[in-house]
Every structure is written in C-alpha cells, then in structure tokens.
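To start, the structure itself, in structure tokens.
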Amino acid sequence: MELDSQTSIYLAMGIILLAVIIFSVIKGLIKMVFLAIAIISAIGVWIFIQSKGFTLLSFVTSSPAPWMVQALAWSAAILVLAIFFHCMSWFSQLFSFRSGKPGPCSIITTSLMCVLMMWVSTIAISYYGTISRVSFYHDLALAHRNNQPIPEVPLFTAAKNSIRSAEGLSWLETIDPLESPAQSNLACIVAYGCSLNEREYRQFYQKRLEKSGIPHPGRFLDLFADPGLRKLVEEERFVSLLENDRLNAFLQHKNTAEFLQSLQGIL
C-alpha cells in the first residue's frame with residue numbers, strides 16, 4: 001500500500017513527536033535516577049561518618065568531640081550533593097537537557113524533590129533495616145543452637161539505628177508510615193523462637209518471656225509451635241512473617257502492642 005505525500009508528512013511528524021516524547025521521558029528518568037543515587041550516596045556517607053567519625057578524626061586530633069563528627073558528617077554529605085549537582089549541570093549542558101539559568105521555580109522544585117527523595121530513602125532504609133533485623137534474630141538463634149559466633153548486625157539495620165539515634169533525626173520515625181516497633185519486636189521474637197526446636201523454645205520462653213509482663217505470655221508458645229510461622233522462618237520469608245495475620249492478632253490482645261512498642265532486652 002503506497003502512501004501519498006500528505007500522509008507521509010503526517011506519519012513523519014508523528015514519528016518525530018513520539019521520539020521527542022520518549023526522549024523526554026527517558027531524560028526525566030535519567031535525572032531522577034541520578035538524583036536518587038546522589039541522595040542515597042550522601043546518606044551513605046553521612047551514616048558511615050556517624051559510625052566511624054571518631055576513628056577518622058583521631059588522625060587529626062587526639063580528643064575528637066561529638067560536634068566534630070556531626071560537622072564532618074554533614075559537610076561530607078553536602079559535598080557529595082554539591083559534586084553531583086555540578087556534574088549534572090555539566091552533563092545537562094553537554095546534552096542540552098536545559099537552557100538558561102535556573103529560575104526560582106526550578107530551584108524550589110529541585111529542593112522539594114530532594115526533600116522527597118531523602119524522605120523516601122530513609123523510609124526504604126528503615127523498612128529494609130526492619131526486615132534485616134528479623135533475619136538477624138533467626139541467624140542469632142541458629143548461632144546459639146550450634147555454639148557459633150554471634151552474627152554481625154546487618155548493614156541496613158545498622159544504618160537504620162544510626163539514623164534513628166542521630167541527634168535531630170529521631171523525629172523521622174514519627175512520619176514513617178511503615179514503622180511499627182511493636183510489630184517489628186514481635187516478629188524478631190517469633191523469628192528467634194521458630195528457629196529453635198520445642199525443647200529449646202520452651203527454655204527460651206521460661207527464661208525470657210514467661211515473667212516479662214506481656215499479657216498472657218503463654219501465647220508465644222502457640223506462635224513458636226505454629227507450622228505456618230515455622231515454615232516462613234525456615235524459608236526466610238521475613239516480609240511475610242512481619243505482615244502475618246497471626247502476629248497482628250497477637251498484638252490486638254489487651255495492651256500487648258503497647259508493651260512490645262517499648263520492649264527492651266528480651267532477646
């Protein structure tokens with residue numbers, strides 16, 4: 001079938017328009033990916049210096065102060081973002097992603113996007129930190145059973161702890177829609193108990209849980225013996241364990257959730 005000249009022009013224009021749209025979408029995605037990488041890198045640098053800051057500063061001064069660690073962490077994070085934006089500006093000019101100087105709207109939009117990405121990033125770190133923590137208690141139970149060394153705290157769990165314990169950032173927990181300390185603590189206890197055989201989890205219950213003050217603590221034995229929960233732990237399906245209906249029902253009894261919310265030192 002032959003196309004007349006007018007149809008060919010419309011077809012060519014359509015192809016060009018489609019190509020422009022696809023390029024614009026890809027360009028936007030590339031910018032978003034680079035922005036996410038920059039923010040996550042800045043957060044990673046900040047967390048690293050928060051945990052290793054005193055060691056790093058010991059090469060400069062024999063008595064590093066906490067404010068020095070904070071100053072170094074924030075300066076390094078800002079430097080990472082500054083380097084990214086400088087490189088992105090050069091990259092944008094190279095491929096003509098933008099023209100002219102950025103106006104107030106552009107600056108405000110970029111700032112809001114940075115704040116949003118940082119919020120999403122902290123939520124992601126927190127969530128994976130929770131899952132890693134549940135996994136850690138499964139590994140801890142196996143280590144106790146086999147008289148092996150205690151496993152290291154997972155990276156995401158350590159990162160979450162650093163963010164939550166950092167001065168001025170503990171409020172992030174209050175705006176995290178996925179954060180539930182009671183649910184997390186219960187999942188850790190279940191992951192630990194379900195990793196043991198009946199004799200071992202009964203000993204764990206008698207030594208750590210029976211007199212803990214949790215309403216009707218004997219319910220833990222039902223959780224540890226539950227075939228479905230034990231299968232989830234054995235298969236290391238900790239996301240499903242965390243969201244399991246049996247655990248949610250357990251938390252609904254009297255003030256169980258309130259108790260587990262502030263649980264310290266049972267494991």
Side-chain angles (χ1 to χ4, degrees), residues 47-48 50-52 55 124-165 173 176 178-267:
I47 292 172
F48 175 78
Q50 287 286 347
S51 61
K52 305 292 184 181
T55 303
I125 291 173
S126 175
Y127 182 73
Y128 283 108
T130 298
I131 301 302
S132 299
R133 179 169 175 256
V134 178
S135 174
F136 168 78
Y137 280 104
H138 166 60
D139 295 337
L140 182 63
L142 296 180
H144 287 167
R145 287 190 65 183
N146 301 315
N147 294 320
Q148 295 177 344
I150 295 177
E152 294 185 1
V153 176
L155 175 62
F156 277 104
T157 302
K160 176 182 178 178
N161 293 338
S162 297
I163 294 174
R164 291 287 190 259
S165 62
E173 183 174 334
D176 187 343
L178 302 180
E179 183 70 17
S180 176
Q183 189 177 26
S184 171
N185 289 334
L186 178 57
C188 289
I189 293 174
V190 172
Y192 187 94
C194 286
S195 302
L196 307 174
N197 61 37
E198 183 176 357
R199 180 183 60 83
E200 291 167 338
Y201 72 63
R202 284 187 177 277
Q203 289 179 348
F204 167 59
Y205 166 76
Q206 293 168 358
K207 292 180 179 179
R208 300 295 185 90
L209 301 173
E210 189 173 18
K211 298 180 180 179
S212 63
I214 296 176
H216 295 86
R219 295 178 296 146
F220 278 113
L221 294 175
D222 295 332
L223 294 181
F224 298 159
D226 184 278
L229 296 179
R230 294 185 68 86
K231 184 177 181 180
L232 289 179
V233 173
E234 182 182 359
E235 296 177 352
E236 300 187 0
R237 294 163 54 191
F238 300 116
V239 174
S240 299
L241 177 66
L242 187 68
E243 305 293 338
N244 190 270
D245 290 338
R246 286 219 57 186
L247 271 64
N248 293 330
F250 186 97
L251 292 172
Q252 300 304 315
H253 184 75
K254 293 187 176 180
N255 62 336
T256 301
E258 289 77 4
F259 186 93
L260 288 171
Q261 183 88 8
S262 57
L263 180 66
Q264 297 288 339
I266 277 188
L267 293 176

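For this chain, numbers begin at 1 and follow the sequence in order.
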Show me, pair by pair, the donor-acceptor contacts under 3.5 angstrom made by side chains of residues 222-235, not counting sequence neighbours?
from	atom 1	to	atom 2	distance (Å)
D226	OD1	G228	N	2.9
D226	OD1	L229	N	2.9
D226	OD2	R246	NH1	2.7
R230	NH1	L196	O	3.1
R230	NH1	F224	O	2.9
R230	NH2	L196	O	2.7
E235	OE1	R237	NH1	3.0

request  = Taking side-chain contact (heavy atoms from CB on, under 4.5 Å) as the test, write out the residues that go with E210, two or more places apart.
outcome  = Y205, Q206
inquiry  = Holding to side-chain hydrogen bond (donor to acceptor under 3.5 Å, both in side chains), I want the full list of residues that pass it with S132, two or more places apart in sequence or in another chain.
reply    = none
request  = Could you pull out the closest heavy-atom pair between A159 and I125, with the gap in Å?
outcome  = CB-CG2, 3.9 Å
ask   = Sequence neighbours excluded, which residues qualify as side-chain contact (heavy atoms from CB on, under 4.5 Å) partners of A158?
value = V153
Member of L242, N161, N185 meeting the side-chain contact (heavy atoms from CB on, under 4.5 Å) criterion with R133 = N185
ask   = I150 and L140: which non-hydrogen atoms are nearest, and at how many Å?
value = CG2-CD1, 3.7 Å
Value rounded to 0.5 Å, distance of NZ in K207 from OG in S212 = 15.5 Å
query = What residues form a side-chain hydrogen bond (donor to acceptor under 3.5 Å, both in side chains) with T256, not counting sequence neighbours?
reply = R219
query = Rounded to the nearest 0.5 Å, how far does CG of L241 lie from OG of S135?
reply = 10.5 Å
query = Considering all heavy atoms of both residues, which atom of A143 and which atom of P151 are nearest to each other, and what is their separation?
reply = CB-CD, 4.0 Å
key: Of all pairs that satisfy ring pair (Phe, Tyr, Trp, His ring centres under 6.0 Å), the ones with a partner from residues 144-165, not counting sequence neighbours   = Y128-F156, H144-Y192
task = Looking only at non-hydrogen atoms, find the nearest pair between T130 and K160 and report the distance.
result = OG1-NZ, 2.7 Å
Value rounded to 0.5 Å, distance of CG in L247 from CG in L186 = 4.0 Å
key: For the student: nearest non-hydrogen atoms of Y201 and G193, plus distance   = CB-O, 3.5 Å
inquiry  = Tell me every residue that passes ring-ring contact (aromatic ring centres under 6.0 Å, His included) with F250, counting only those two or more places apart in sequence or in another chain.
reply    = F220
remark   = In short, salt bridge (charged side-chain N to carboxylate O under 4.0 Å, His left out) pairs touching residues 192-206 with sequence neighbours left out are R145-E200, E198-R202
request  = Keeping to residues at least two apart or across chains, list the salt bridge (charged side-chain N to carboxylate O under 4.0 Å, His left out) pairs with something in residues 146-156.
outcome  = none
request  = Supply the atom-to-atom distance N244 CG to F238 CZ, rounded to the nearest 0.5 angstrom.
outcome  = 13.5 Å
note = When rounded to the nearest 0.5 Å, the distance separating CD of E179 from OG of S184 is 7.0 Å
